Amino acid sequence: MNSLIFVSIFYIILSIILLYRVLKGPNIVDRVVAADSIDLLTVVALVLFSVYSKRGIYLDIALTLAILGFIGTLLISKYLEGKL
């Protein structure tokens with residue numbers, strides 16, 4: 001229980017740092033990478049919560065979020081490259 005709280009606090013701190021990078025990034029590529037990293041942190045947090053609560057629904061949500069985050073990052077990179 002205590003380790004889950006410490007990991008959660010660590011993830012919140014990382015997300016705040018990445019949120020700053022999304023808002024104040026020097027360029028759009030840094031913002032996209034930071035947003036994708038926040039997405040991955042959310043997926044990992046959902047997986048850890050799923051293990052802790054012993055419910056499989058959170059794994060399904062984490063998988064869906066990971067797929068949507070990947071597709072979103074792919075579409076943004078194609079748009080920035082000029083091929084979309």
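A quick note: this is a predicted structure, and the numbers were derived from the prediction, not measured.
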Review point. Would you say Tyr79 and Val32 are hydrophobically clustered, going by side-chain heavy atoms of ILVMFWY under 4.5 Å?
Key: yes
Check your understanding: Considering all heavy atoms of both residues, which atom of Ser15 and which atom of Ile38 are nearest to each other, and what is their separation?
Key -> O-CD1, 4.1 Å
Check your understanding: What distance do Ile61 atom CD1 and Arg55 atom CZ have between them, rounded to the nearest 0.5 Å?
Key -> 9.0 Å
Check your understanding: Can you name the one residue among Leu80, Leu74, Thr73 that meets side-chain contact (heavy atoms from CB on, under 4.5 Å) with Ile76?
Key -> Leu80
Practice item. Determine whether Ile57 and Phe49 fall in the same hydrophobic cluster, where Ile, Leu, Val, Met, Phe, Trp and Tyr are linked whenever their side-chain heavy atoms lie under 4.5 Å apart. Key: yes
**Study point:** Distance-minimising heavy-atom pair for Val22 and Ala34
**Key:** CG2-CB, 3.6 Å
Check your understanding: Between Leu18 and Ser37, what is the shortest heavy-atom contact and its length?
Key -> CD1-CB, 3.6 Å
Review point. Do the side chains of Leu48 and Leu14 join up, straight or via other hydrophobic residues, at under 4.5 Å, putting them in one cluster?
Key: yes
Practice item. Would you give the length of the straight line joining atom CG of Leu75 to atom CD1 of Ile71, rounded to the nearest 0.5 angstrom? Key: 7.5 Å
**Study point:** Sole candidate of Val51, Val43, Val47 that passes side-chain contact (heavy atoms from CB on, under 4.5 Å) when paired with Leu59
**Key:** Val47
Revision key, fill the gap. Here the gap from Phe70 atom CZ to Leu68 atom CG, rounded to the nearest 0.5 Å, amounts to 12.0 Å
Exercise for review: Nearest 0.5 Å please: distance from the OG1 atom of Thr42 over to the OH atom of Tyr11.
Suggested key: 10.0 Å
Revision key, fill the gap. All heavy atoms of Arg31 vs all of Gly25, minimum pair found to be NH2-O, 3.4 Å
Revision key, fill the gap. Shortest non-hydrogen pair, Tyr58 vs Leu46, comes out as CB-O, 3.8 Å
Review point. Looking at Gly56 and Ser50, what are the two nearest heavy atoms and their distance?
Key: CA-OG, 4.2 Å
**Study point:** OH-OG distance between Tyr52 and Ser3, expressed to the nearest 0.5 angstrom
**Key:** 10.0 Å
Review point. If you round to the nearest 0.5 Å, how far is CD1 of Ile28 from OG of Ser77?
Key: 12.0 Å
